[in-house]
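Counting starts at 1 for both ligands and their atoms, following the listed order. Keep in mind it's a predicted model, so treat the numbers as computed, not measured.
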Amino acid sequence: MAYNKDNVFAQILRGEMPSHPIFEDEKTYAFMDIMPASSGHTLVIPKSEAENIFELSPGYVGAVAKTTKLVAAAIKKALRPSGIIITQLNGPDAGQTVFHYHMHIIPVYSEKPMKVHMNKTENKEALELTAIAIKKRLG
Ligand code: 5GP
């Protein structure tokens with residue numbers, strides 16, 4: 001399947017769709033997942049047209065990993081989860097629904113059950129407040 005330039009994350013990168021930013025550098029962009037599996041669920045995407053791991057160049061794989069670590073550390077400090085899942089899906093059969101490579105950072109809280117599937121859009125104020133708390137803790 002060829003990369004579709006109109007996928008929602010490409011639109012977010014071009015500023016055509018709103019998002020709640022956490023961090024940005026030359027090669028990556030991190031922002032809140034709009035249907036979070038838990039509070040603080042963040043996505044890290046490359047500024048590169050790649051649908052999946054197989055299309056992403058090694059330089060961008062490294063850049064996404066670096067940003068993921070930075071943002072996960074900020075989430076850990078800001079939200080104090082009891083664990084953090086870092087995962088990435090390749091292909092519809094693996095559950096991928098947006099076809100621009102992305103890493104999920106999903107905080108886990110011992111006191112709250114994990115939602116396996118994300119189907120509820122979080123309200124903008126809650127996403128923005130969480131984004132602010134994480135951004136304050138970026139190293
Ligand atoms: P996938 O299933 O492809 O690994 O994950 C796609 C993720 O993108 C899901 O967690 C979903 O909630 C999130 N998502 C889908 N559409 C949007 C959107 O318009 N904005 C943001 N911020 N996240 C989105």
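At a heavy-atom distance under 4.0 Å, no atom of Phe99 approaches ligand 1. Of the heavy atoms in Phe9, only side-chain atoms (C-beta onward) come closer than 4.0 Å to ligand 1.
Scanning Ile34, Val98, Ile45 for the heavy atom closest to atom 20 (N) of ligand 1 points to Ile34. Nearest-residue assignment for atom 4 (O) of ligand 1 (options Glu122, His104, Met35; heavy-atom criterion): His104. When Thr87, Asn52, Asp33 are checked for heavy-atom proximity to atom 11 (C) of ligand 1, Asp33 turns out nearest.
Distance check: Lys47 NZ to Glu26 CD gives 8.0 Å after rounding to the nearest 0.5 Å. With rounding to the nearest 0.5 angstrom, the CD1 atom of Ile45 is 11.5 Å from the CG atom of Leu56.
The two residues Pro81 and Val108 come nearest to each other via the heavy atoms CB-O, 3.2 Å. Taking every heavy atom of both residues into account, Lys135 and Ile22 meet most closely at CG-O, 3.3 Å.
Backbone and side-chain nitrogen or oxygen atoms of Thr97 are examined, and one is located within less than 3.5 angstrom of a nitrogen or oxygen of ligand 1. On a distance-only criterion, His102 and ligand 1 share at least one N/O pair closer than 3.5 Å. Considering backbone and side-chain atoms alike, Gly95 places an N or O below 3.5 Å from some N or O of ligand 1. Close N/O approach between Val8 and ligand 1 is not found [any backbone or side-chain N/O within under 3.5 Å].
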Under the ring-ring contact (aromatic ring centres under 6.0 Å, His included) criterion, do His102 and His100 qualify, and how do the steps go?
-> CA-CA 6 Å; His102 52 280; His100 180 112; 8.0 Å; no

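Annotation for ligand 1: atoms under 4.0 Å from non-hydrogen atoms of Ile12 are 20 (N). For ligand 1, the atoms sitting less than 4.0 Å from at least one non-hydrogen atom of Met17 are 19 (O), numbered in the order shown with element in parentheses.
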